[in-house]
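Report on the following structure.
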Protein chains: 2
Amino acid sequence: MQNKIQEQRMREYFIQAAKEIIRGEGMRAISVRNVAEQAGYSYATLYNYFTNIKDLVFECTVDFQEECLEQIDRDSKNLDMGFDRIKIRTKSFMKYFIQYPGIFTLFYIENPSTIAKKHSTIDLINSFLDRVNQQEWDYFLETHYLNEAIIESKKAQLRYNVIGILLFYLNRQFPKTYNDYLQITDNQLSMVLKID
Amino acid sequence: MQNKIQEQRMREYFIQAAKEIIRGEGMRAISVRNVAEQAGYSYATLYNYFTNIKDLVFECTVDFQEECLEQIDRDSKNLDMGFDRIKIRTKSFMKYFIQYPGIFTLFYIENPSTIAKKHSTIDLINSFLDRVNQQEWDYFLETHYLNEAIIESKKAQLRYNVIGILLFYLNRQFPKTYNDYLQITDNQLSMVLKID
DNA sequence: AGGCAATATTAACACTGTTAATATTATGAA
DNA sequence: TTCATAATATTAACAGTGTTAATATTGCCT
C-alpha cells in the first residue's frame with residue numbers, strides 16, 4: 001500500500017464486485033472467494049485492502065445511498081413542498097429496497113463486524129431516510145407550519161414505520177401480495193403525514 | 001421414530017438446549033454441534049428429529065411467545081381497558097426483547113430455511129403483537145369507541161413502529177443510550193395511541 | 001541484469017451444515 | 001437366554017465459510 005491511487009483503485013474493484021453480487025444475488029451470495037473471483041483476484045488479495053469482508057460490504061452502502069437518492073430525486077422532481085412530496089419521496093425510497101432486497105438486508109439486517117468500528121457508516125444508514133426528507137422538514141420549520149418537537153416526532157414515526165413495513169414484507173413475507181403491501185404503505189404514510 | 005412419546009421427548013431436549021443458547025449467548029452461538037452438545041448428544045443425532053437447524057430454532061418461538069405473554073400479563077394485571085393498557089402491554093412486549101436480544105433476532109431478523117415450509121410459525125410471529133393487544137382492540141370495537149378501519153390502521157401502525165424501534169436499537173445501536181430509547185418509545189406510543 | 005520491496009497466490013486452520021457409513025442399543029422370537 | 005433384526009446414535013467425510021502464514025510472482029530502481 002505504497003501508491004495511494006493504485007490502492008484506492010484496487011479497493012474500488014472489490015467494492016464494485018461486491019455491489020454487483022449484492023444487487024443481483026443478495027447478501028447470501030456474498031463470500032470472500034465469491035467477491036474476489038468477481039473482481040478477478042484471489043481471495044486472500046482482498047485482505048491486502050480490507051480488514052475483513054464485513055468492512056468491505058459496508059463500504060458499498062455509500063454508493064447505494066447515492067444511487068437511491070438519485071432515483072428519489074428523479075421520482076419527485078417538479079413537486080411542490082409539502083406532505084405529498086414527502087410521501088412520494090418515501091415511497092420511492094421504499095421502492096428502491098423492493099427492487100434490491102439484498103441492499104435492504106445490508107442496510108438494516110446485517111450486523112457490522114465490530115460495534116464501535118466504522119460507526120460513521122452505520123450513522124449514515126440510520127439517518128438516511130431522515131436526510132431524504134430533510135428539505136421538507138426544514139421547510140415546515142421555516143414556514144412555522146409545524147414546530148420542532150412535532151417534526152422530530154413525525155420524522156421518527158416515519159423512520160420506524162417505513163423500515164418496519166419493509167422488514168415484514170421483505171423478511172417475513174407479510175403481507176403476502178405486493179398489492180396488499182402497497183395499500184398498507186399508503187395507509188400508513190397517510191396516517192403519519194397529516195396534521196392532527 | 002417409532003415411539004411418538006420418546007420422539008417428542010428427544011425433540012424437547014434439543015429445543016430446550018437451543019432455547020438456553022439463544023437466551024444466553026444469542027443466535028450467533030447457535031450451531032448444530034453447539035446445540036447437540038448442550039443437549040448431551042452427538043451433532044448428527046439432531047437430524048433424526050429435525051430436518052435442519054433452522055427448523056429447530058423456529059420451533060423455539062412458540063415457547064418464547066408463551067413466556068413473553070406471561071410477562072406481559074404480569075406487567076398489566078389489574079389495569080383498566082384503554083389506550084394506557086395497550087401502552088403498558090406493548091412496553092412489556094418490547095422489554096422482553098431488550099432482555100433477550102437473541103430472541104428478537106430469531107423472531108424478526110433470522111430467515112427461515114424455506115419460504116413455504118412452516119408458514120404457520122412465521123404467521124404466529126407476524127401476528128404476535130396484534131394478538132398481545134387483541135382484547136383491547138376488540139373492546140374498542142364493541143364499545144364503538146373506534147371503528148374497524150381505524151383499529152386496523154392503528155394496529156398496523158403499532159406493529160411496524162414497535163418492531164422498527166427495536167430493530168434500530170438492537171441491531172443498529174440507535175439511539176445510543178437506553179434512556180433515549182425509552183423516551184423515543186414513549187413518544188412514539190403516545191402518537192399512535194391517541195384519538196385524532 | 002540483479003536485487004529488493006510490493007503485491008498476489010496457494011496452503012492451511014478452525015469453523016459451519018449436512019449426509020453416508022458405521023457402531024451401538026433396544027426389541028422380539030426361538 | 002440367545003440371536004437376529006430393527007431402531008437409534010456416532011464417527012467420518014464433504015463442501016462450504018472467514019482468516020492468516022508461508023510462498024510465489026511481479027514491478028521498480030540501481
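Note on naming: letters A, B, ... go to the chains in the order of the sequence lines (proteins, then strands), and numbering restarts at 1 for each one. Excluded from the calculations below are hydrogen atoms, water molecules and symmetry mates; all remaining heavy atoms, backbone and side chain alike, are included.
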Using the test side chain to side chain donor-acceptor pair (under 3.5 Å), find all partners of A/Gln8 that sit at least two apart in sequence or belong to another chain. A/Glu12

Return the value, rounded to whole Å, for the distance between atom CD of B/Glu37 and atom P of C/dC15. 12 Å

Between A/Ile5 (CD1) and D/dG27 (P), how many Å, whole number? 18 Å

Linking Ile, Leu, Val, Met, Phe, Trp and Tyr through side-chain heavy atoms less than 4.5 Å apart, which residues share a cluster with A/Met191? none

For the pair made of CZ in B/Phe14 and P in C/dG17, what is the distance, rounded to whole Å? 13 Å

Side chains of residues 155-164 of chain B: which donor-acceptor pairs under 3.5 Å do they make with residues two or more places apart or in other chains?
residue: B/Lys155; atom: NZ; partner: B/Glu152; partner atom: OE2; Å: 3.1
residue: B/Arg159; atom: NH1; partner: B/Asp130; partner atom: OD1; Å: 3.4
residue: B/Arg159; atom: NH1; partner: B/Asp130; partner atom: OD2; Å: 2.6

Counting neighbours of NZ on B/Lys194 that are heavy atoms of other residues, nucleotides or ligands and sit closer than 6.0 Å, is the number greater than 12? yes

By side-chain contact (heavy atoms from CB on, under 4.5 Å) - contacts of B/Ile98 (at least two apart): B/Leu166, B/Tyr169, B/Leu170, B/Tyr178, B/Tyr181

In whole Å, what is the span from the CD atom of A/Gln6 to the P atom of D/dG27? 11 Å

Checking one residue: B/Leu79. Which other hydrophobic residues are in its cluster under the side-chain 4.5 Å linking rule? B/Ile88

Can you give one letter per nucleotide of nucleotides 15-23 of chain D, going 5' to 3': B for a protein heavy atom under 4.0 Å from the base, S for sugar-phosphate only, - for none? --SBBB---

Quick one: which residue pairs count as a ring pair (Phe, Tyr, Trp, His ring centres under 6.0 Å) with a foot in residues 12-45 of chain B, not counting sequence neighbours? B/Phe14-B/Tyr41

Can you name the side-chain contact (heavy atoms from CB on, under 4.5 Å) partners of A/Ser127, sequence neighbours left out? A/Arg131

Protein-nucleotide distance (B/Leu56, atom CG; C/dG17, atom C1'), rounded to Å: 13 Å

Please determine whether a side-chain nitrogen or oxygen atom of B/Thr45 lies at a distance below 4.0 Å from atom OP1 or OP2 of D/dT10. yes

Output side-chain donor-acceptor pairs under 3.5 Å for residues 29-38 of chain B, partner residues at least two apart or in another chain, one line each.
residue: B/Ser31; atom: OG; partner: B/Asn34; partner atom: N; Å: 3.1
residue: B/Asn34; atom: ND2; partner: B/Ala29; partner atom: O; Å: 2.7
residue: B/Gln38; atom: NE2; partner: B/Glu20; partner atom: OE1; Å: 2.9

With under 30° as parallel and over 60° as perpendicular, where do the rings of B/Phe107 and B/Phe64 fit, or are they tilted in between? tilted

Over how many whole Å does the gap from A/Leu46 atom CG to C/dT7 atom C1' extend? 14 Å

Without decimals, in angstroms, what is the distance between B/Asn48 CG and C/dA26 C1'? 15 Å

Under a 4.0 Å heavy-atom cut-off, which of residues 18-27 of chain B touch DNA chain C? none

Give every residue pair that meets the ring pair (Phe, Tyr, Trp, His ring centres under 6.0 Å) criterion with at least one member in residues 66-87 of chain A, sequence neighbours excluded. A/Phe83-A/Phe140

When the axes are fitted on five pairs at both termini, how much does the helix from C/dA1-D/dT30 to C/dA30-D/dT1 curve, in 10° steps? 30°

Atom-pair distance (CZ on A/Arg9; P on C/dA8), nearest Å: 12 Å

